[in-house]
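Working notes, beginning with the structure itself.
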Amino acid sequence: MEIGGLLSSSVESRAAIMQVQSRENEFAQFQHVLERFWESGEALTEAIEAQERAQIRQAAEMFEAYFLNLMFRNMRSVNFDEDGFVPRGNADRIFTEMLDETIADKAAAQGGFGLADMLYAQMTQQFNSTLR
């Protein structure tokens, strides 16, 4: 019986075992990296969805503000008292338009007539159906 043959085969088997263990460690590290990526990917997806929902909300509020501004402008276009006590000039018209725009923006941001809420609900419902 050759002792050298046994030693070389046990060294080779130990090397094979170490190689298998090394690959198992690499696999475990790779699996850990994939799990972290998956978790961060889910967090990233949630962050993107939250950002898109915020943009949808902002667009809905902007639309409601625009609608309210148009409504105010049309209401002011009906001049019951054209020849009032103080004559109205260009500056007065500009101030009134800016005031109406500001009121419309504030009203839409604080809930307005609920048009932004309805638009947001409808658009996010459509957004959710596209994600599935």
Side-chain angles (χ1 to χ4, degrees):
M1 187 163 130
E2 285 185 25
I3 296 177
L6 289 175
L7 289 176
S8 67
S9 65
S10 69
V11 170
E12 289 173 359
S13 62
R14 284 184 186 166
I17 290 172
M18 289 177 61
Q19 188 177 14
V20 168
Q21 288 175 344
S22 173
R23 290 205 178 169
E24 285 178 353
N25 288 339
E26 288 175 3
F27 179 74
Q29 289 174 350
F30 180 70
Q31 185 177 5
H32 179 68
V33 167
L34 282 178
E35 288 172 356
R36 282 186 30 220
F37 176 74
W38 182 259
E39 290 170 1
S40 67
E42 287 177 351
L44 181 63
T45 301
E46 290 173 4
I48 289 171
E49 285 181 20
Q51 182 181 11
E52 288 177 351
R53 289 180 190 280
Q55 289 175 346
I56 290 171
R57 182 68 187 177
Q58 182 182 14
E61 287 178 3
M62 287 173 63
F63 180 81
E64 183 172 9
Y66 179 74
F67 178 77
L68 290 174
N69 192 18
L70 283 176
M71 188 175 72
F72 292 154
R73 188 181 309 154
N74 285 326
M75 288 189 322
R76 290 213 191 262
S77 70
V78 179
N79 290 324
F80 293 109
D81 190 19
E82 285 185 27
D83 299 327
F85 182 69
V86 177
R88 299 179 65 172
N90 194 32
D92 184 49
R93 181 186 57 79
I94 292 171
F95 174 77
T96 303
E97 287 176 2
M98 290 173 62
L99 178 66
D100 289 345
E101 186 177 331
T102 302
I103 291 172
D105 288 342
K106 295 287 184 185
Q110 294 178 358
F113 295 120
L115 181 62
D117 295 333
M118 289 187 288
L119 284 171
Y120 177 77
Q122 185 176 6
M123 291 172 78
T124 53
Q125 181 181 12
Q126 186 174 2
F127 176 70
N128 288 338
S129 67
T130 59
L131 288 177
R132 293 179 193 157

Among pairs that include at least one residue of residues 104-120, which meet side-chain hydrogen bond (donor to acceptor under 3.5 Å, both in side chains), considering only residues two or more places apart or in two chains?
R57-D117
Anything under 3.5 Å between a donor and an acceptor, one on a side chain of residues 63-72, the other on a protein residue two or more places apart or in another chain? List them.
| residue | atom | partner | partner atom | Å |
| --- | --- | --- | --- | --- |
| E64 | OE1 | A116 | N | 2.9 |
| E64 | OE2 | F113 | N | 2.7 |
| E64 | OE2 | G114 | N | 3.4 |

Partner residues of E97 under the salt bridge (charged side-chain N to carboxylate O under 4.0 Å, His left out) criterion, sequence neighbours left out
R93
I need the full list of salt bridge (charged side-chain N to carboxylate O under 4.0 Å, His left out) pairs touching residues 65-74, with sequence neighbours left out, sorted by first then second residue.
none
Nearest 0.5 angstrom please: I56 CD1 to Q122 CD, how far?
11.5 Å
With ILVMFWY side chains joined below 4.5 Å, transitively, what does M62's cluster contain besides itself?
none
Contacts of type salt bridge (charged side-chain N to carboxylate O under 4.0 Å, His left out), residue D100, not counting sequence neighbours:
R76
Taking only residues two or more places apart in sequence or in another chain, which ones pass side-chain contact (heavy atoms from CB on, under 4.5 Å) with I94?
N90, M98
